[in-house]
Amino acid sequence: MGKLYVVPTPVGNMEDMTFRAVRVLKEADFILAEDTRTSSVLLQHYDIHGELLSHHKFNEHDTVQNVVRRILGGMTAALISDAGTPAISDPGFLLVRECIKNGIEVQTLPGATAFVPALVSSGMPCDKFCFEGFLPQKKGRVSRLTELQEENRSIIFYESPRRLLKTLKQFADFFGTDRQVSVAREISKLHEEHVRGCLNDVIQHFETTEPLGEIVIILAGKTTDNRQQITDYGLPPNRTTALPDPMQLLMGTGKKKNKYK
């Protein structure tokens, strides 16, 4: 019987790939990729030439059983996504579950994911947090935001740049304009940026500055004093930081089209 490896890939900087991840991908009998065109760039960079198959949210229900059969037949599979750790707001859960049902060993390698550096860099408490990922676009969105009004942990959201401003304004309606927020974009890329402050100030920032790239929002949880300033965490309000690194090998720049639509 073979094995399934779940392999994180860089969210921005090519150097975030681990030595073990490269070795596993080179040794795998076949690699499952969310977008084979995107993954081909990474694989070519690391001189990886294994069989590459498409496995994404639109075909995963159809491909899972075939993948499981190949692994049961003794082949080793590696699952990757366009960026970050598979199954975190990306395909992967169905395959992992089916492999476990069939007694197949699943090993998930530690590695890159966007929300961890965004959370740690936010200056907000990160000892306890909840991950929401993408909110429902229509049905269930209002009810979910209503439920989160009582959440006292830091809350993590993913969002696309074209919906960011609308989402922040909706947060202001549900959580108050004084609620603290940190918007991180282009994690680990040349134009990485963190915009921190109360919702009102961050909204004003993005009304005059077009957001680009992939977005992670860290929203402060409910406190006894909803007017608590981010300076309580040792950071000045409305701070914007850009972290250029000329040594980076990039998968994209700040103008890269966002994959989350």
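For clarity, every value in this text was computed on a predicted model and none was experimentally measured.
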Show your reasoning for whether side-chain contact (heavy atoms from CB on, under 4.5 Å) applies to Tyr46 and Leu25.
CA-CA 10 Å; Tyr46 284 102; Leu25 291 177; over 6 Å; no

Please test Gln204 against Cys198 for side-chain contact (heavy atoms from CB on, under 4.5 Å), starting from the C-alpha separation and ending with a verdict.
CA-CA 10 Å; Gln204 289 182 20; Cys198 68; over 6 Å; no

Glu150 vs Lys222, test: salt bridge (Lys or Arg N to Asp or Glu O under 4.0 Å). Steps then yes/no.
CA-CA 6 Å; Glu150 299 303 313; Lys222 181 180 180 181; 2.8 Å; yes

Quick one, Glu207 with Lys169, criterion salt bridge (Lys or Arg N to Asp or Glu O under 4.0 Å). Give me CA distance, side-chain angles, the key distance, then yes/no.
CA-CA 11 Å; Glu207 284 178 332; Lys169 289 180 178 179; 3.5 Å; yes

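With hydrogens and angles disregarded, no donor-acceptor distance shorter than 3.5 Å links the side chain of Arg69 to the backbone of Val64. Without hydrogens or angle criteria, Ser154 side chain to Pro125 main chain gives a donor-acceptor distance under 3.5 Å. Between the side chain of Thr85 and the main chain of Ala112, a donor-acceptor pair closer than 3.5 Å is present. Panel note: side chain Thr208, backbone His205; a donor-acceptor pair is recorded below 3.5 Å. At distances below 3.5 Å, at least one donor-acceptor pair connects side-chain atoms of Ser143 with backbone N or O atoms of Gly140. Asp29 places a side-chain N or O within 3.5 Å of a backbone atom of Thr76 that can act as its donor or acceptor partner. Thr18 contributes a side-chain N or O that, together with a main-chain N or O of Ala21, makes up a donor-acceptor pair within less than 3.5 Å. With hydrogens and angles ignored, the 3.5 Å screen pairs no side-chain donor or acceptor of Asp16 with any backbone N or O of Gly12. Between the side chain of Asn102 and the main chain of Ile104, no donor-acceptor pair closer than 3.5 Å is present. Between the side chain of Glu159 and the backbone N or O of Leu164 there is no donor-acceptor pair closer than 3.5 Å.
Linking ILVMFWY side-chain heavy atoms closer than 4.5 Å, directly or via other members, places Val96 and Ile80 in two distinct hydrophobic clusters. No path of Ile, Leu, Val, Met, Phe, Trp and Tyr side chains, each step under 4.5 Å between heavy atoms, connects Val24 with Leu53, placing them in separate hydrophobic clusters. In this structure, Leu79 is not a member of the same hydrophobic cluster as Val41, with clusters built from ILVMFWY side-chain heavy atoms closer than 4.5 Å. By the criterion of side-chain heavy atoms lying less than 4.5 angstrom apart, applied directly or through intervening Ile, Leu, Val, Met, Phe, Trp or Tyr residues, Val7 is not grouped with Phe93; the two fall into different hydrophobic clusters. Cluster annotation: Val6 and Val116 are assigned to distinct hydrophobic clusters (Ile/Leu/Val/Met/Phe/Trp/Tyr, side-chain heavy-atom contacts under 4.5 Å, transitive).
Taking the charged nitrogens against the carboxylate oxygens, Arg70 and Glu51 do have a contact shorter than 4.0 Å, which makes a salt bridge. Between Glu192 and Arg185 there is no salt bridge, since no side-chain N of the basic residue sits under 4.0 Å from a carboxylate O of the acidic one.
For the atom pair CG (Leu42) and CD1 (Ile48), the distance works out to 6.0 Å, reported to the nearest 0.5 Å. Atoms CG and CG, on Leu148 and Leu219 in that order, are 8.5 Å from each other to the nearest 0.5 Å. For the atom pair His55 NE2 and Leu94 CG, the distance stands at 7.0 Å (nearest 0.5 Å). Between the CD atom of Glu34 and the OG atom of Ser54 there is a distance of 9.0 Å, given to the nearest 0.5 Å. For the atom pair CZ of Phe129 and CD of Glu151, the computed distance is 11.5 Å after rounding to the nearest 0.5 Å. Atom-to-atom distance recorded for Lys189:NZ and Glu193:CD is 13.5 Å, nearest 0.5 angstrom.
A donor and an acceptor atom, one from each side chain of His194 and Ser182, are nowhere located under 3.5 Å apart. No hydrogens or angles considered: a donor-acceptor pair under 3.5 Å links the side chains of His49 and Asp47. When only modelled atom types and interatomic distance are considered, Gln137 and Arg163 share a side-chain donor-acceptor pair under 3.5 Å. No side-chain donor from either of Arg141 and Thr146 sits under 3.5 Å from a side-chain acceptor of the other.
With sequence neighbours excluded, the residues forming a salt bridge (charged side-chain N to carboxylate O under 4.0 Å, His left out) with Asp35 are Arg37, listed by chain and number. Under the rule for a salt bridge (charged side-chain N to carboxylate O under 4.0 Å, His left out), the partners of Glu132 that lie at least two apart in sequence or sit in another chain are Arg144.
In this structure the side chain of Ile31 never reaches within 4.5 angstrom of the side chain of Tyr5, judged on heavy atoms. In this structure the side chain of Asn66 never reaches within 4.5 angstrom of the side chain of Val68, judged on heavy atoms. Residues Leu95 and Leu32 form a side-chain contact, since some pair of their non-hydrogen atoms from C-beta on lies under 4.5 Å apart. Residues Ser39 and Thr9 form no side-chain contact, since every pair of their non-hydrogen atoms from C-beta on lies 4.5 Å or further apart. Contact of the Leu199 side chain with the Leu168 side chain is registered, since non-hydrogen atoms from C-beta on lie closer than 4.5 Å. The shortest side-chain heavy-atom distance between Arg20 and Pro110 falls under the 4.5 Å cut-off. Taking the side chain as every heavy atom from C-beta outward, Leu4 and Ile71 approach each other to under 4.5 Å. Looking only at side-chain heavy atoms (C-beta outward), Ile215 and Tyr158 stay at 4.5 Å or farther from each other.
You'll find the ring centres of Phe131 and Phe115 inside the 6.0 Å limit.
Within a 6.0 Å radius of CD in Glu147, more than 12 heavy atoms belonging to other residues, nucleotides or ligands are found.
Pairing each heavy atom of Gln149 with each of Phe174, the nearest pair is NE2-O, 2.7 Å. Contact between Leu52 and Ala33 at its shortest, heavy atoms only, is CD1-CB, 3.6 Å. Across all their heavy atoms, Ala118 and Ala184 have their closest contact at CB-CB, 3.8 Å. In terms of heavy atoms, Met124 sits closest to Ile218 at CE-O, 3.6 Å. Heavy atoms only, all atoms of each residue included: Glu60 and Pro91 are closest at OE1-CB, 3.7 Å. Closest heavy-atom contact between Val202 and Gly197: CG2-N, 3.8 Å.
A cation-pi arrangement is not found for Arg179 relative to Phe171, the charged atom failing to lie both closer than 6.0 Å to the ring centre and inside a 45° cone about the ring normal.
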